[in-house]
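Just so it is clear, the values below take in all heavy atoms, side chains as well, and ignore hydrogens, waters and symmetry mates.
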Amino acid sequence: MKRSWMYGSVGLLSAAALAGCGAQAGPVDTARVANQTNGKPSAVALQLQKTVNALRFQEVLDTAPPSSAQAKTLMNPVDKEARNGLEQRRSLLAAADDAKPISQQPQLDATVIELDKNGRPVSSGTVLMSPTYKKPVVVPVDKNMSTTAVRWRQWDDAGWYANKGQGTVDIVPGREGASLDFMSPYPASVLKLMVNFGVLQLVDQGKVKLDATYDYKPTETSSLCGGATSKTVSQYIDESLTWSSNAASCALVKMLHDNGAVDGLNKTFQSLGLQTLQLKNTNPANGGRWGNPVTMSSLDTAKLLTLVNGAPGTVWTGPDGKPVTSAVLSATARKFFQDKLRSQGWNDMLSTPNWCGKYPAPGIPHAVPSRWVGPDGTVTVNGSKFGRDVRPCNGKAEVSFAHKTGWVNNSAADAGIVKALPGKGGRSYIVVVFSNLGTQYVDADRPATPEGIYPFAFTEKFAKLGKIVDTYEKSRAARG
């Protein structure tokens, strides 16, 4: 009797079904799951579809519309994140007064995986939106939370306009007959989840030690990566995950190359059934060259975080028929990974406690980690000042959010693990959103950013999405 999920998103398991199957820590009765769903999308998939549609992401404004001279300077750079600085951000904001309505329906890929108290997935939903799918579509998945129904394409900055978001380069081969065709948004700094997963596997294998010093000596210069540094592996990981240091992440990518581990990491993702997770085309000389061949879908990213979160027994079955378990990382490595993600400084997409005010709207209700909060209650992350007292929002926190954000001008990404604080509703789930609505896009009623304050990074529609998802999951937990 194998653990199984129904097609049409993962089958929704009711409390009664769980009780009848004895499924809290063991295998699920496939017949009972089938009877619960009748082959239809899960409740969370339908809720996610409804929410994404209602938020009307197509109403944002574009500060670099395709007809502008600025748009041409943003297309397909070799190191996409090298230009992702405050200077570019402020340049885009300077054009906000002349912003135009976005030229077509935005690209969005979102997944929620619902977990039981042991961290085992009990249901999931994935939706896609694009110029082709103006009304979001639910992705059908099989018993392993995998799908062959999508022809995944690499992101192409210029191609999003030229091909109506269709894409031309396949991420996963052999999908020409798939019912859905989707160009996956560039994951931006969420790619650092893949990098750090690979490094922690090296730690588990005894090839790297967290307290050992790594001398990063790039043999080619890169504006993304910077010059030589010498720090402990633990410090590089902390800087990569908590304040998204590109330089630290380049060092970790180079460390993977130094150990001949990049190809092995990509093969590991394939063996785990995470086919869209691909850390490809990076430069072994400096760890840079982060471009469109680096790919992640929301579903595979959410599944990776499900393993990082930890669950007993077989979580799903890989393409080779072998069980996939959370032991892909040791318990110590998983805890270290989660602790760093909970220490996130950039809480400004699906969650917005760094801003704590009327704009942007409140998102997933968690607290800003104390390391970023000054005596006056305001947040500063690596020199970037948010300028608002966050203590009132911290006092109202209901969950922890171990997550990683990412952004460039045409990429917005947030991926994390949500767990209720004691006495605050009991929900536990994974949420991942990738979109092309990066820092280039603004809300029509967006207030001005005060001088010296870090600019608003995203449309507040993402925070509203996060809040609606969390409210739904809190209600699910209350229903048992």
Side-chain angles (χ1 to χ4, degrees), residues 8-9 41-62 66 101-113 124-141 147 149-157 159-167 171 175 178-188 190 276 295-302 349-350 361 363 406-415 430-444 458-469 472:
S9 278
S42 67
V44 68
L46 294 174
Q47 173 67 24
L48 190 57
Q49 180 188 43
K50 176 183 176 181
T51 300
V52 170
N53 189 55
L55 285 171
R56 299 187 63 79
F57 284 90
Q58 67 271 23
E59 294 180 351
V60 299
L61 302 180
D62 187 352
I102 191 170
S103 62
Q104 58 188 2
Q105 192 81 7
Q107 211 89 356
L108 187 142
D109 173 12
T111 292
V112 174
I113 296 179
S124 87
T126 296
V127 299
L128 303 176
M129 181 177 70
S130 72
T132 301
Y133 312 116
K134 293 182 180 180
K135 182 177 179 180
V137 294
V138 174
V139 175
V141 299
T147 183
V150 184
R151 186 176 185 181
W152 300 104
R153 313 283 196 126
Q154 283 185 18
W155 179 257
D156 177 12
D157 301 42
W160 186 71
Y161 298 107
N163 298 316
K164 295 184 178 180
Q166 196 72 16
I171 296 173
R175 296 287 180 85
S179 59
L180 301 173
D181 198 326
F182 185 77
M183 185 164 67
S184 187
Y186 175 68
V190 174
T276 65
T295 60
M296 306 175 79
S297 69
S298 72
L299 177 57
D300 285 348
T301 303
M349 187 176 155
L350 292 177
W407 60 96
V408 294
N409 68 294
N410 59 359
S411 176
D414 202 351
I430 311 290
V431 59
V432 180
V433 176
F434 293 131
S435 174
N436 71 311
L437 295 181
T439 57
Q440 180 176 329
Y441 300 93
V442 298
D443 294 317
F458 309 103
T459 168
E460 68 173 351
K461 294 178 185 295
F462 290 123
K464 292 179 178 180
L465 173 60
K467 179 63 174 177
I468 293 169
V469 167
Y472 175 82

In Å, rounded to the nearest 0.5 Å, how long is the span from [atom1] of [X] to [atom2] of [Y]?
{"X": "Leu180", "Y": "Arg175", "atom1": "CG", "atom2": "CZ", "answer": "11.0 Å"}
{"X": "Phe458", "Y": "Leu350", "atom1": "CZ", "atom2": "CG", "answer": "9.0 Å"}
{"X": "Gln154", "Y": "Thr295", "atom1": "CD", "atom2": "OG1", "answer": "6.5 Å"}
{"X": "Tyr441", "Y": "Thr459", "atom1": "OH", "atom2": "OG1", "answer": "12.0 Å"}
{"X": "Thr276", "Y": "Phe182", "atom1": "OG1", "atom2": "CZ", "answer": "11.0 Å"}
{"X": "Asn436", "Y": "Asn409", "atom1": "CG", "atom2": "CG", "answer": "10.0 Å"}

Spell out, as yes or no, whether a donor-acceptor pair under 3.5 Å connects the side chain of [X] to the backbone of [Y].
{"X": "Tyr186", "Y": "Phe434", "result": "no"}
{"X": "Ser435", "Y": "Gln107", "result": "yes"}
{"X": "Gln105", "Y": "Lys134", "result": "yes"}

Do you know the tightest heavy-atom contact between [X] and [Y]?
{"X": "Pro106", "Y": "Trp160", "answer": "CA-CZ2, 4.0 Å"}
{"X": "Thr132", "Y": "Lys164", "answer": "OG1-O, 4.0 Å"}
{"X": "Ala413", "Y": "Val190", "answer": "CB-CG2, 3.5 Å"}
{"X": "Arg151", "Y": "Ala178", "answer": "N-CB, 3.5 Å"}
{"X": "Ala361", "Y": "Ala463", "answer": "O-CB, 3.2 Å"}
{"X": "Gln58", "Y": "Ile102", "answer": "O-CG2, 3.3 Å"}

Under 4.5 Å between any side-chain heavy atoms of [X] and [Y], yes or no?
{"X": "Val433", "Y": "Met349", "value": "yes"}
{"X": "Leu465", "Y": "Leu48", "value": "yes"}
{"X": "Leu299", "Y": "Trp152", "value": "no"}

Task: Plane angle bin for Phe57 and Phe462 - parallel if under 30°, tilted between 30 and 60°, otherwise perpendicular - done: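 The rings of Phe462 and Phe57 sit tilted, inter-plane angle from 30° to 60°.
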
- [ ] Among Ser124, Ser298, Ser297, find the residue that satisfies the side-chain hydrogen bond (donor to acceptor under 3.5 Å, both in side chains) test when tested with Thr111.
- [x]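 When Ser124, Ser298, Ser297 are each tested with Thr111, the side-chain hydrogen bond (donor to acceptor under 3.5 Å, both in side chains) holds only for Ser298.
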
- [ ] Kindly indicate, with the supporting measurements, whether the criterion side chain to side chain contact (heavy atoms under 4.5 Å, CB included) is fulfilled by Tyr133 and Asp181.
- [x] CA-CA 9 Å; Tyr133 312 116; Asp181 198 326; 4.2 Å; yes

Open item on the list: Checking side chain to side chain contact (heavy atoms under 4.5 Å, CB included) between Thr126 and each of Val139, Thr147, Ile113, Val44, which is the one that passes?
Closed with: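 Per the side chain to side chain contact (heavy atoms under 4.5 Å, CB included) rule, the option paired with Thr126 is Val139, out of Val139, Thr147, Ile113, Val44.
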
TODO: Only one of Val127, Ile468, Leu46 passes side chain to side chain contact (heavy atoms under 4.5 Å, CB included) with Thr51; say which it is.
DONE: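 For Thr51, the side chain to side chain contact (heavy atoms under 4.5 Å, CB included) check succeeds only for Ile468.
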
- [ ] Taking only Lys NZ, Arg NE, NH1 and NH2, and the carboxylate oxygens of Asp or Glu, determine whether Lys461 and Asp443 approach each other closer than 4.0 Å.
- [x]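 Judged by the 4.0 Å cut-off on N to carboxylate O distance, Lys461 and Asp443 do not form a salt bridge.
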
